[in-house]
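Remember, it's a predicted structure, so these values are computed and weren't measured experimentally. Within every chain, numbering begins at 1; the chains are lettered A, B, ... in the order of the sequence lines, protein sequences first and strands thereafter.
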There are 2 protein chains.
Amino acid sequence: MNTLTPHPNEQPSLARQAYRLLKQDIINGSHKPGDKLLMSHLKDHYDIGAGPMREALSQLVAERLVTAISQRGFRVAEMSLDEMKDIYDARAHLEALIVRLAIERGDEQWEADIIGKAHTLARVDEVDTPDDMLNIWDARHKAFHAAVAEGCGSSKLLEVRSSLLDQAERYRQVWLRHTVFSQSALEGKRQEHQQLVDALLARNAEQASALMYSHLMTPVPIITALLDAQA
Amino acid sequence: MNTLTPHPNEQPSLARQAYRLLKQDIINGSHKPGDKLLMSHLKDHYDIGAGPMREALSQLVAERLVTAISQRGFRVAEMSLDEMKDIYDARAHLEALIVRLAIERGDEQWEADIIGKAHTLARVDEVDTPDDMLNIWDARHKAFHAAVAEGCGSSKLLEVRSSLLDQAERYRQVWLRHTVFSQSALEGKRQEHQQLVDALLARNAEQASALMYSHLMTPVPIITALLDAQA
DNA sequence: AATTATAAAAATGTAGATATTTTTAGATTT
DNA sequence: AAATCTAAAAATATCTACATTTTTATAATT
């Protein structure tokens, strides 16, 4: 998760701690989309005054995970199919662009990193609990994609990518459960990653970019179906 | 300027008012890059308590215009040539992508809007003061580019664009003075815009995208020279 | 059922308390 | 004497508690 790390070696303020916790709680669904975030509850739950709590909320408003209406407080940002499609399409196009730049600019260390992370991801096996499985695969999957994107060499593009990733995160959770617990889905992803790695190492920008776009768009119909089923 | 408008018909909180004013003051250089933002000064200057002031600062940290170090307060974000190049390159690539999508997705209203805004921009003349000239040309130039980008139809891409625009704004101010007060520079821009409009209306995605990229990158050497001269 | 007045709840803000960092001046060492 | 260290003082950042304003809920009235 992208948590705006301002400086190393410092103990974070209460506002920042509350920001981290609340962000996590929104992403993992402890606070549901559209929920009222009542100041009195937040103060109790995060054991903090209203001032720092409002700081945390303000930052999450800037990140689009919370909405504010003046004099009426804060709510968890709504989720919708339309927004999901917009986020996924925007992110897929952006990552396709980043991959093109990465192929142009990435060095040998970049290649090595990708190969390493792809390898680690491909052998997520023999895990104790299903929950472990989900968390480990998710972490390694993210690490793989981060390694690919790093090659573009642009802090700003990586920041923008990170911001869209955060906004996608609540939708991604839905897809993740579907994918990680299906052997065939996992195998499909494994193949897509392999194809992508091959195109990257061959420095085939057009192919890699197209593969990245479609790889990132595959969750859209799945999430659509799952969210439709819920409603 | 992108000011995170949360809801219509509401009187903004003091925190939001301070956010707007401080953002403006940072962009127009009233607060210089690297300046300490002393809470006691901010409180006096914006006539507000520390709580709401910190809210405003937190949002600007999220937008990368302010930096925070725990227990040591806030500073105006630094400026550097490296950052400028990164922002401009990232934004140019992003706008090139947005143009490609806009050509694919834009409707007739989009075309009409572009033609209208381009026309208005081309005839910025007979203005009273030089300052008016600068402000009017800047506003119309922004409106033209906004109209082009709108066609992509993606709120998220437009948000990301807006965020990069805000981050570019302090550098842009430097370039703006150079360009608006030079007849030859203005004429050059006029031609670039005309070429871009022609490519857009012809729905030539590759050409329009390339034109947009180079159009947005032309300020880089100019800003580089001007900032080097200052230092 | 709709309207208004009142009470309760909630959001937002200020002032002052607390904790941390920075400065200053003096003491100690090289 | 210059540099380094130390301890107190001042400045600053951060937080809490309470005050004020606004919104929402309740109850009484038309």
Starting at CG of A:Leu38 and ending at C1' of D:dA25, how long is that distance when rounded to a whole Å? 14 Å
OP1, OP2 of D:dT24 versus side-chain N and O of A:Arg72: anything below 4.0 Å? yes
Can you tell which of D:dT14, C:dT14, C:dA11 lies closest to the side chain of B:Ile48? C:dT14
Please give, in whole Å, the distance from D:dC15 P to A:Asp47 CG? 12 Å
Taking the six-membered ring for Trp and the single ring otherwise, decide whether the centroids of B:His193 and B:His119 are under 6.0 Å apart. no
Taking for each residue the nucleotide of DNA chain D bearing the nearest heavy atom, is the 5' side occupied by A:Gln71 or by A:Ala50? A:Ala50
Rounded to the nearest Å, what distance is computed from the CD atom of residue A:Glu55 to the C1' atom of nucleotide C:dG13? 14 Å
Roughly, in whole Å, what's the span from CG in B:Leu57 to P in D:dA13? 10 Å
Ignoring hydrogens and angles, state whether a donor on the side chain of B:Glu63 or B:Tyr19 is under 3.5 Å from an acceptor on the partner side chain. yes
Would a distance-only check, ignoring hydrogens and angles, find a side-chain to backbone donor-acceptor pair under 3.5 Å from A:Ser182 to A:His178? no
Specify the separation, in whole Å, of atom CG of B:Leu42 and atom P of D:dT14. 12 Å
Looking only at side-chain atoms of B:Lys36, point me to the closest of D:dT16, C:dT12, D:dA13. D:dA13
Hey, does the side chain of A:Arg54 come within less than 4.0 Å of C:dT12's phosphate (OP1/OP2), counting only N and O? yes
Under 4.0 Å from OP1 or OP2 of D:dC15: is there any side-chain N or O of A:Lys43 that close? no
To the nearest Å, give me how far apart NE2 (A:His41) and P (C:dA11) are. 9 Å
Are A:Thr129 and A:Asp131 close enough that a side-chain donor and a side-chain acceptor fall under 3.5 Å? no
Report the distance from atom CE of A:Met39 to atom P of D:dT16, rounded to the nearest whole Å. 12 Å
If I take atom CD in residue A:Gln11 and atom C1' in nucleotide C:dT20, what distance separates them, rounded to the nearest angstrom? 8 Å
Quick one: do B:Lys142 and B:Glu169 make a salt bridge, cutoff under 4.0 Å? yes
